[in-house]
S.K.: 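Okay, here's the structure, questions in a sec.
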Amino acid sequence: MALILDGQERESIVRAAAALRQGQLVAFPTETVYGLGADGLSGAAVERIFAAKGRPADNPVILHVTDFAAACRVWQASAAQLARARACAEAFWPGPLTIVLPAATEVPPAVRAGLPTVAVRVPAHPVAQALLQEAQIPLAAPSANRSGRPSPTRADHVLRTLSEGIAVILDGGPTAVGIESTVLDLSSKEPRILRPGMVGRAEIAALLPEVRDLEAAEPQSILASPGLRHRHYAPAIERVAIADESAFEHRWHGDEVFLMRVSTFRRLERTLGPRACPVVMLPDDVEGFARALFDTLYRLEHARTSALALEALPGEGRWAGVCDRIRRAAGK
Ligand code: TXA
Ligand code: MG
């Protein structure tokens with residue numbers, strides 16, 4: 001059974017770092033979601049992450065490091081690749097951006113799922129930073145959920161889907177960002193966003209004008225981003241659908257729980273009148289929406305919701321990340 005420790009306490013960090021150095025697993029908060037960490041330079045320790053999560057072996061994990069200099073030690077990149085990475089790191093690290101570049105030889109194949117590249121990020125959360133400083137090793141850490149389930153944004157979410165094989169869970173309270181980092185591939189000729197997140201395309205394009213989104217429909221994009229192959233973010237709810245405003249009109253007197261922005265509900269309510277079944281309203285601003293999303297999905301499944309209709313969100317700009325997670329939660 002995992003030991004749940006207060007991440008604010010110095011002693012907890014020391015204990016968690018010792019467990020990591022012994023090859024054990026530690027769940028810890030980052031500013032995006034909770035990660036399930038292991039010594040990123042030990043193939044055996046990283047294998048334990050895959051076993052605990054039931055993660056397909058072909059889906060590589062992210063290395064978390066203290067700063068840009070530490071990232072450079074796990075990459076083996078050209079001067080041009082490093083110049084791009086440095087520009088992004090200066091703008092967005094520590095923070096919710098992951099950068100993919102060719103891997104140094106000491107990065108075990110298990111981290112990379114056999115790819116020649118490795119994904120790296122510097123988390124901003126003080127508990128994650130304290131843990132990295134204390135452990136003095138890069139930490140391999142996917143989101144701390146059973147493979148295919150929503151990412152945890154609170155310590156107790158970790159235990160909803162995982163139990164075996166975790167030595168320590170560091171509790172750092174609810175996470176601030178709420179969805180996973182933007183994954184940016186700088187290993188190919190043109191920079192590509194493999195997974196949208198709260199560092200938006202426009203912000204990256206201000207530094208790298210040639211950056212483009214990965215076309216999820218292209219078969220070759222599946223190779224670039226192995227994570228796209230697998231089902232993600234599925235709540236334990238029997239029926240999950242995506243609905244636009246006209247679909248909500250048709251479903252207004254049905255039995256589904258609705259999850260939508262406050263302003264969307266207010267607008268529909270004015271013409272359609274009150275609704276008998278529950279409506280969960282999330283903030284209109286993208287930051288507030290992202291922060292609440294996964295916690296809301298866990299609450300709804302805990303309340304034994306059997307049918308859920310999620311608002312179809314705009315896919316542009318800063319909404320691209322949450323839009324992607326909603327789509328995948330509905331199995332699209
Ligand atoms: O915010 C986050 O990124 C969280 C926190 C814990 O840092 N981590 C996270 O990890 O979301 P995970 O494993 O759930 O997602 C990692 C994503 C996957 O889509 C994976 O395919 C991709 O990053 N990825 C990892 N290494 C890669 C590589 N070498 N090339 C391409 N994609 C890679
Ligand atoms: Mg994940």
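As the structure lists them, so they are numbered: ligands from 1, and atoms in each ligand from 1.
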S.K.: Given that the side chain starts at C-beta and the backbone is N, CA, C, O, which of these parts of N59 lies under 4.0 Å from ligand 1, counting heavy atoms, or is it both or neither?
M.R.: side chain

S.K.: Taking only heavy atoms of T117, which atoms of ligand 1 are found under 4.0 Å from at least one of them?
M.R.: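 Checking each atom against T117, I get 28 (C), 29 (N), 30 (N).
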
S.K.: In terms of ring plane angle, is the pair W252 and F265 parallel, tilted or perpendicular, where the classes change at 30° and 60°?
M.R.: parallel

S.K.: When you look at W75 and T117, which way does the side chain to side chain contact (heavy atoms under 4.5 Å, CB included) test go after all the steps?
M.R.: CA-CA 8 Å; W75 285 327; T117 54; over 6 Å; no

S.K.: Where does R112 meet ligand 1, judged by heavy-atom distances below 4.0 Å: at the side chain, the backbone, both, or neither?
M.R.: neither

S.K.: Could you tell me, atom by atom, which parts of ligand 1 come under 4.0 Å of a heavy atom of R55?
M.R.: 13 (O)

S.K.: Which ligand 1 atoms are under 4.0 Å away from a heavy-atom of S143?
M.R.: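 In order of number, 8 (N), 9 (C), 10 (O), 12 (P), 14 (O).
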
S.K.: Closer than 4.0 Å to some heavy atom of H64 - which atoms of ligand 1 meet that?
M.R.: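 This gives 5 (C), 6 (C), 7 (O) as the contact atoms.
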
S.K.: Between T153 and T175, does any side-chain donor sit less than 3.5 Å from a side-chain acceptor?
M.R.: no

S.K.: Within ligand 1, which atoms have a heavy atom of S181 less than 4.0 Å away?
M.R.: 1 (O), 2 (C), 3 (O)

S.K.: What atoms of ligand 1 come closer than 4.0 angstrom to any heavy atom of T32?
M.R.: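 Those qualifying, in numeric order: 1 (O), 2 (C), 4 (C), 5 (C).
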
S.K.: Considering residues, nucleotides and ligands other than R86, do more than 12 of their heavy atoms fall under 6.0 Å from its CZ?
M.R.: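 No, CZ of R86 has 12 or fewer neighbouring heavy atoms, counting only those of other groups under 6.0 Å.
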
S.K.: Sort out for me which residue in E180, Q129, R121 forms a side chain to side chain donor-acceptor pair (under 3.5 Å) with T30.
M.R.: R121

S.K.: Counting from 1, what ligand 1 atoms have a heavy atom of L194 closer than 4.0 Å?
M.R.: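 Near L194, meaning under 4.0 Å from one of its heavy atoms, ligand 1 has 31 (C), 32 (N).
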
S.K.: So, R275 side chain and G254 main chain: donor-acceptor pair closer than 3.5 Å or not?
M.R.: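 Yes; judged by distance alone, with no hydrogens or angles, the pair exists.
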
S.K.: Short list, please: which atoms of ligand 1 are under 4.0 Å from a heavy atom of G35?
M.R.: 6 (C)

S.K.: Looking at A103, is its backbone amide N or carbonyl O close enough to the side chain of R112 to form a donor-acceptor pair, meaning the two atoms are under 3.5 Å apart?
M.R.: no

S.K.: Run the salt-bridge test on E106 and R73 with the 4.0 Å N-O cut-off and return the result as yes or no.
M.R.: no

S.K.: Considering all heavy atoms of both residues, which atom of I13 and which atom of G7 are nearest to each other, and what is their separation?
M.R.: CD1-O, 3.7 Å

S.K.: On a heavy-atom basis, which atom in I179 and which in V33 lie closest, and how many Å separate them?
M.R.: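 Taking every non-hydrogen atom into account, C-CG1, 4.0 Å.
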
S.K.: Check for me: within less than 2.8 Å of the Mg ion (ligand 2), which protein N/O/S atoms show up?
M.R.: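 For the Mg ion (ligand 2), the protein N, O and S atoms that sit under 2.8 Å away are S143 OG.
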
S.K.: Please confirm whether the backbone N or O of R146 pairs with a side-chain atom of T161, one donor and one acceptor, at under 3.5 Å?
M.R.: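 Side chain of T161 to backbone of R146: a pair is present.
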
